[in-house]
Each structure stands twice: as structure tokens, then as C-alpha cells.
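Side-chain atoms are counted along with the backbone in the values below, which use heavy atoms only and exclude waters and symmetry mates. Positions are given from 1 along the sequence.
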Amino acid sequence: MGQLLNREGLKKWILRKLGAPIIKIELTEAHLDDSVEEASRWFAAKKGVEKIGEVVTITGISKYALPDDVDFLYEVVFSEPTFDLASVFYPTMGLLDGQIPFNLYATASLGIASDYVQVLQYLDTLKRVAGSEPEWIQEGTSLTILPIPTRGGKIVFRYNTHKIPEIDQLSERDHDLVKRYSLADAKEILGRVRSKYGEYPTAQGSVSLDGDKLLDEAAQAKEALEEEISMSGYPMMFITG
């Protein structure tokens with residue numbers, strides 16, 4: 001697998017895809033910078049990069065600061081519930097530090113794995129109905145835990161960062177999305193420049209310009225990329241909060 005292009009490499013790649021150096025490309029360095037920046041912002045807004053963070057809860061404190069680059073939280077996972085209903089509805093579970101001793105619930109008709117999963121699902125439903133599972137609220141770059149923690153613990157969360165990523169640090173698939181969007185945006189700028197005049201004179205006669213064609217190609221490429229990035233996003237998940 002080849003090395004992913006950085007911003008400078010991507011600008012050179014765009015020029016080559018448009019026909020340089022054989023064909024004169026009427027784009028400035030600023031135009032190319034704009035196209036790469038536009039593609040990076042498009043990717044950050046439409047998909048972004050998922051990151052993992054964690055905070056340590058303190059007894060009596062419900063509000064905690066999140067990293068500055070947090071856009072929105074996907075999921076918040078608590079290390080321990082505030083109240084374990086397992087010990088109430090299944091007292092024997094307390095023998096194993098709140099863990100389910102699945103061998104006690106295996107039946108001949110269902111089998112160990114099936115019965116174990118059913119008990120897990122049942123307890124999860126009980127926690128939600130009784131409100132024993134903590135809830136969370138994101139407000140900008142702060143996280144509020146409800147009810148107020150009565151003991152310390154660790155919270156792990158998955159989030160989307162709004163920080164514009166370095167394109168050579170993306171996955172191969174995401175890097176390809178940014179590359180193609182950059183090219184489409186550059187085609188759009190070049191198309192506007194070339195459509196100003198339908199042709200230009202040369203010593204051998206007039207030469208027609210392809211401004212309208214470039215604009216059409218750019219529009220079609222961006223439309224296809226919008227659909228593709230919406231399909232490449234992270235799968236929908238059930239989250240607490």
C-alpha cells in the first residue's frame with residue numbers, strides 16, 4: 001500500500017489529474033489550498049473522526065469537562081452502575097462481585113449461552129425501568145451525569161471530533177473521499193474560470209474551452225460523494241442518555 005498524500009502532495013496530485021504539466025491549469029496555489037481545505041471541512045462535518053476519551057468521576061460532582069475537540073458524543077459507558085439490581089433479583093450473583101454465574105442458570109432446553117444472554121437482557125431492562133442505570137447529558141464540551149455520583153469511578157466515552165483531520169492520518173477509505181472531493185472542488189473552480197470565455201485565439205486558430213464540462217463533472221462528483229459519505233458513516237447504535 002502506497003503512502004497517503006499530505007496536503008502538499010494532494011495539491012500536486014490534483015494538478016496532474018487535471019492534465020498538468022502538459023495542459024495549462026488556470027488555478028493558483030490559493031485555489032488549490034481552498035479546495036483541499038473545503039474537502040477537509042466537508043469530511044469533518046459529514047463524518048469526522050471517532051475518538052475515545054475518559055473521565056474519572058468524583059463523589060458529589062455531576063458535571064465534568066470534555067476534551068476541547070468534542071463535537072458530539074456517540075456513547076458513554078459507566079464502569080459501575082450506581083445500584084446493582086442483580087443482587088436484589090438474583091441474590092446469588094453477589095457471590096461473584098456482581099457477575100452473573102451463568103452455570104446456575106443453564107437449562108437443558110435453552111443451553112448455557114442462550115440462558116445467560118436472556119438473564120443479561122432481563123437485568124438490563126430492569127435497570128432502565130428502575131432508573132438504576134446512570135444517564136448523561138452533553139452540553140457543549142461538558143458532560144453531566146445523573147443522578148449525582150455517590151462514589152468515584154471511571155467513564156469511557158466515544159465521540160466525534162470537530163477538529164479538521166490531517167489527511168495523511170486518515171484511513172485509506174476516508175483519505176480517498178477527501179482526495180476525490182478536493183479534485184471535484186478544484187474542477188468547479190477551474191470550470192468557472194474557463195467558462196468565462198468559450199474559446200481563446202491561438203496562432204493555429206481558436207481553441208474551445210471545457211468550462212461547462214468541468215462544472216458538470218464537479219457537480220456530479222460532489223453529488224455522488226455526498227451519497228457515498230452518508231453510507232460510510234458509523235452504524236447507528238443504542239446509547240444511554
Side-chain angles (χ1 to χ4, degrees), residues 1-53 66-75 138 140-141 157-200 207-236:
M1 183 182 297
Q3 185 176 359
L4 300 181
L5 298 174
N6 57 23
R7 288 177 177 254
E8 291 303 314
L10 179 53
K11 290 189 293 184
K12 294 177 182 178
W13 177 83
I14 290 171
L15 290 175
R16 292 194 299 271
K17 294 295 286 186
L18 292 174
I22 297 175
I23 300 174
K24 179 182 178 182
I25 307 301
E26 298 87 353
L27 294 177
T28 66
E29 189 76 12
H31 287 138
L32 296 172
D33 285 332
D34 288 345
S35 291
V36 175
E37 183 71 11
E38 183 71 18
S40 298
R41 290 186 176 277
W42 168 80
F43 177 82
K46 296 293 184 176
K47 182 175 181 181
V49 176
E50 179 183 317
K51 297 178 71 174
I52 302 293
L66 295 170
D68 293 337
D69 64 334
V70 167
D71 186 7
F72 61 88
L73 300 177
Y74 290 111
E75 182 181 22
Q138 180 190 357
T141 56
F157 52 88
R158 295 191 308 120
Y159 69 94
N160 183 289
T161 173
H162 60 67
K163 185 175 293 185
I164 299 176
E166 291 297 328
I167 60 175
D168 56 347
Q169 301 300 315
L170 297 173
S171 68
E172 187 76 41
R173 183 181 185 185
D174 291 341
H175 184 268
D176 183 61
L177 289 172
V178 173
K179 277 177 59 179
R180 287 187 285 140
Y181 196 95
S182 299
L183 176 60
D185 194 77
K187 280 186 176 182
E188 184 177 12
I189 298 173
L190 184 59
R192 289 199 184 101
V193 173
R194 289 184 176 177
S195 61
K196 179 69 175 179
Y197 304 100
E199 58 184 27
Y200 66 92
V207 175
S208 298
L209 299 177
D210 58 349
D212 292 340
K213 181 180 179 182
L214 287 171
L215 288 173
D216 288 342
E217 289 179 359
Q220 292 175 14
K222 286 189 174 183
E223 182 179 355
L225 283 164
E226 289 286 350
E227 182 176 352
E228 186 175 342
I229 199 170
S230 67
M231 298 297 292
S232 69
Y234 300 112
M236 295 297 291

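- Counting only distance, with no hydrogens or angles, the side chain of His175 and the backbone of Leu5 share a donor-acceptor pair below 3.5 Å.
- A salt bridge does not link Arg7 to Asp33: none of the charged side-chain nitrogens sits closer than 4.0 Å to a carboxylate oxygen.
- When the shell of 6.0 Å around CD of Glu29 is examined, it contains more than 12 heavy atoms from other residues, nucleotides or ligands.
- Side-chain N or O atoms of Glu37 include none that pairs as donor or acceptor with a backbone N or O of Leu32 at under 3.5 Å.
- The NZ atom of Lys213 sits 8.5 Å away from atom NZ of Lys187, with the distance rounded to the nearest 0.5 Å.
- Not counting sequence neighbours, Arg16 has no partner by the side chain to side chain donor-acceptor pair (under 3.5 Å) test.
- Taking 4.5 Å as the limit, every side-chain heavy atom of Val178 sits out of range of all side-chain heavy atoms of Glu38.
- At a threshold of 4.0 Å, the pair Lys12-Glu8 does not count as salt-bridged, since none of the basic side-chain nitrogens sits closer than that to a carboxylate oxygen.
- Of all the heavy atoms in Ala184 and Ala218, the pair that sits closest is O-CB, 3.3 Å.
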Walk me through it: do Val70 and Thr161 pass the test side chain to side chain contact (heavy atoms under 4.5 Å, CB included)? CA-CA 5 Å; Val70 167; Thr161 173; over 6 Å; no

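- Of all the heavy atoms in Leu66 and Gly140, the pair that sits closest is CD1-O, 4.2 Å.
- Environment of CD1 in Ile52: crowded, with over 12 heavy atoms of neighbouring residues, nucleotides or ligands closer than 6.0 Å.
- Look at Lys222 and Glu226 and you find no salt bridge, because none of the NZ, NE, NH1 or NH2 atoms lies under 4.0 Å from a carboxylate O.
- Of the possible polar contacts, one joining the Asn6 side chain to the Gly9 backbone as a donor-acceptor pair under 3.5 Å is found.
- Side-chain contact check for Glu50 versus Asn160: every heavy-atom pair is 4.5 Å or farther apart.
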Given side chain to side chain contact (heavy atoms under 4.5 Å, CB included), test Leu18 with Leu183 step by step and report yes or no. CA-CA 8 Å; Leu18 292 174; Leu183 176 60; 4.1 Å; yes

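- Here Ser182 contributes atom OG and Ile14 contributes atom CD1; the two are 5.0 Å apart, rounded to the nearest 0.5 Å.
- Asp216 pairs by the side chain to side chain donor-acceptor pair (under 3.5 Å) definition with nothing, not counting sequence neighbours.
- The CG atom of Leu27 sits 10.5 Å away from the CG atom of Asp34 when rounded to the nearest 0.5 Å.
- Heavy atoms only, all atoms of each residue included: Trp42 and Leu177 are closest at CZ3-O, 3.9 Å.
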Please lay out, stage by stage, how Ile25 and Arg194 fare under the test side chain to side chain contact (heavy atoms under 4.5 Å, CB included). CA-CA 10 Å; Ile25 307 301; Arg194 289 184 176 177; 3.9 Å; yes

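- Partner Asp176 forms a side-chain hydrogen bond (donor to acceptor under 3.5 Å, both in side chains) with one of Arg180, Arg173, Lys179 and no other, that one being Arg180.
- Residues Lys51 and Asp69 meet the side-chain proximity criterion, which asks for heavy atoms closer than 4.5 Å.
- The ring-ring contact (aromatic ring centres under 6.0 Å, His included) check on Phe157 picks up Tyr159, with sequence neighbours excluded.
- The OG atom of Ser35 lies 3.5 Å from the CD1 atom of Ile189; values are rounded to the nearest 0.5 Å.
- Side-chain atoms of Glu188 never come within 3.5 Å of backbone atoms of Leu215 as a donor-acceptor pair (strictly under, hydrogens ignored).
- Looking at every heavy atom in both residues, Pro67 comes nearest to Thr141 through O-CG2, 3.9 Å.
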For Ile229 and Tyr181: C-alpha separation, side-chain torsions, deciding distance, then whether side chain to side chain contact (heavy atoms under 4.5 Å, CB included) applies. CA-CA 11 Å; Ile229 199 170; Tyr181 196 95; over 6 Å; no

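- Side-chain atoms of Gln3 and Asp168, non-hydrogen and from C-beta on, never get closer than 4.5 Å to each other.
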